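Computation of the quantities below employed the complete heavy-atom set of this structure, encompassing side-chain atoms and omitting hydrogens, waters and symmetry-equivalent molecules. What you are looking at is a predicted structure, and each value in this text was computed from that prediction instead of being measured. Naming convention: chains lettered A, B, ... in sequence-line order (proteins, then strands); numbering from 1 in each chain.
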Amino acid sequence: MDDSSAEETRVLSQILAAQNMLCVFFSERRLAEFVKEVLRALPGVGRAGVCLRLLAEPEADLGLQECKDCAGSGRGLDDIGRSRGKCKLEKQDGFAVFPLDTAARSYGYLLVATEGDGPFERYRPFVVNFANSVAVALENRLQQKRLSDHVSELERTNERLKREIAERRRGEETLRKSQEQLLHAEKLSALGKLISSIVHEFSSPVHGVRGVLEQVHEEASLSEGIRSLTKLGIKECNRMSEMIQKLRGFYRPSAGIAVLLDLNALVDDMIFLNQKKFLSRKIQTVKNYDPNLPTIKGVEDQLKQVVLNLLQNAEEAIPDGGGKISVTTEATDTVVRLIVEDTGTGVPPDALPFIFDPFFTTKPGAKGTGLGLSVSYGIVKKHRGDIEVKSRFGEGTTFIVTLPR
Amino acid sequence: MIKTQTAVPMGFTGETFPAGTHMCLVYSDDAERLESIAKFLEAGILNNEKVGYFADAAPPDEIKKALLGHMSAGAARSDGAKLDVRTARDVYCPKGRFVPGEMLDTLRGFYDSAVEEGYGNARASGEMSWALKGIPGSDRLVEYEALINDLIVTHPLTPICQYNANLFDGATILNILKVHPMMIVHGQVVRNPYYQEPREFFKTYAGNTR
Ligand SMILES: Nc1ncnc2c1ncn2[C@@H]1O[C@H](COP(=O)(O)OP(=O)(O)OP(=O)(O)O)[C@@H](O)[C@H]1O
Ligand SMILES: [Mg+2]
């Protein structure tokens, strides 16, 4: 092998290696730089070097820059003839042009300054080959770009869909909740209407009956037996109007004025009232009062009503063998809690969602009206508090009333 | 002293190469790079070599985790501790400036300590992107790479220098090719036709400042 063919072999292997490396560049700018460097290193390349021009094609958007010599010259890049004489490189005596074409399209061309008809001519076929590889690499870049654009577009769409689904779920959830609340409010207001009409319809007749009975009672000619009956009648009338008032109180307790209350004392009173019953039913009461419980603002008789309802429910849930009711009070920085826990039957799981509904009761016969919890719920809500239940069927139930401090 | 002609496995294929083969890896795909380098390091660990790694793209802990993740379970479990990953900046420019001679001393020290510690050989790989961060002396990177070729004659450690093709400019990449006798292309170690012996290289490089 003579010197020149040894050099030819070396150059060829270099160009092949460079060709192999084209795929390593992801950035077109770096690719173009590298291509220019590779060609500049070829024997016989003139001092003006190499210019890589890409066809201006917005669709391609390869982000490639023109060579330093051409940049900013404002030449159209699609016509060699027109740009002739303006590029430093083209002013040289000789330059060779290598199109950057693939089967699909043309990406531009490489201009290589040559020194006369000198040594470069021998490498021309290699460079043609190399230029083809550059075009393929550009096309690959472009396709990768399109693909990744496409993928990120898909990812964006996917993200949007996910968001939309999550939003819709949230929407449905709030809708469901507000429907539930509406339903509850509706039930309450229907009940309220019913009750106020009952109160209205009943109170005047009861009042009338009592007036009549009172007049009869005053009659001197009455026998003792009859008089005691009228007395009983009047007493029962009073009881009835009291009950009617109470009924009204359940749904229009707005008259109640909030005052500072000692919840411990209030709870203790209610337990005391029930003590006799608890004893007779072998129910032990355990009091865990927080001695430092802060006072809270609330309507006393309403809160008493709540405590009473909870105690009654607890008592009613405890079977004949007896059991235990624990009452706990505690405070956090923001709230005060009352916890009523019993060792009763527990709430059947399928009943749990409904226990705060008006008229929902599992108690047989006339024993329960199903109003206790519903009324309590209304009262606690009005106090900007909350009432929760935890129950293990067969083991017992815990009601937690949270009230703001 | 280790014989210079010991053949060591590179991990890419079953092939072995003489210890002290100076290689570069020019890449743009990070996952592919990690995989190649992990194989190279794993082969070193399994071959009882001292193994060093100089990380720049991410904190050493992260890179170590990623590298171990690419190794076989056995190598990662038993020898993960042997993989010494350090911050490239601290290794190449400990005083805030890059001085080729000092770094070559560091490599010599690394090799000598491997011998003293009873390792059969030594290998290292570095992410060279630290050189793009304006640290004084960074412009002497190519010079340093060329000098490694002299160093490995007496201290045959096996280095792979990693260059991200999308970070370094075209001229630097071509110069890098000129100073690495071997390069890794598509997971294969191949002879680099651009390689020039250091003396040859410096003939043109000194005036080559474009
Ligand atoms: N402590 C409890 N243990 C088990 N079940 C309970 C308890 N408290 C309430 N429940 C369940 O919730 C239902 C509704 O209670 P709520 O107090 O509203 O009505 P009631 O007790 O049935 O009737 P009312 O309180 O009007 O007399 C009860 O029928 C019962 O099934
Ligand atoms: Mg009740």
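Contact record, Ser27(A) with Asn166(B): N-OD1, 2.8 Å, taken as the closest heavy-atom pair. Of all non-hydrogen atoms in Glu37(A) and Leu174(B), the two that sit nearest each other are O-CD2, 3.5 Å. Contact between Tyr194(B) and Val38(A) at its shortest, heavy atoms only, is OH-CG1, 3.4 Å.
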Practice item. Take Phe26(A) and Asn164(B) through the side-chain contact (heavy atoms from CB on, under 4.5 Å) test and state the conclusion after the steps. Key: CA-CA 10 Å; Phe26(A) 191 77; Asn164(B) 185 334; over 6 Å; no
Point to revise | Ile173(B) and Glu33(A): CA distance, side-chain angles, deciding distance, side-chain contact (heavy atoms from CB on, under 4.5 Å) verdict | key: CA-CA 9 Å; Ile173(B) 294 281; Glu33(A) 279 171 7; over 6 Å; no
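Counting heavy atoms from C-beta on, the side chains of Phe34(A) and Leu177(B) come closer than 4.5 Å.
The distance from the CG atom of Asn20(A) to the CE atom of Met183(B) is 7.0 Å, given to the nearest 0.5 Å.
Within 6.0 Å of CZ in Arg89(B) there are 12 or fewer heavy atoms belonging to other residues, nucleotides or ligands. Surrounding CZ of Arg392(A) are at most 12 heavy atoms belonging to other residues, nucleotides or ligands under 6.0 Å away. Crowding of Lys390(A) atom NZ: a count of heavy atoms from other residues, nucleotides or ligands under 6.0 Å not exceeding 12.
Heavy atoms closer than 4.5 Å to chain A are found in the backbone of Leu167(B), but not in its side chain. Contacts between Ile15(A) and chain B at a heavy-atom distance below 4.5 Å involve the backbone alone (N, CA, C, O).
The backbone N or O of Pro193(B) sits nowhere less than 3.5 Å from a side-chain atom of Ser13(A) that would complete a donor-acceptor pair.
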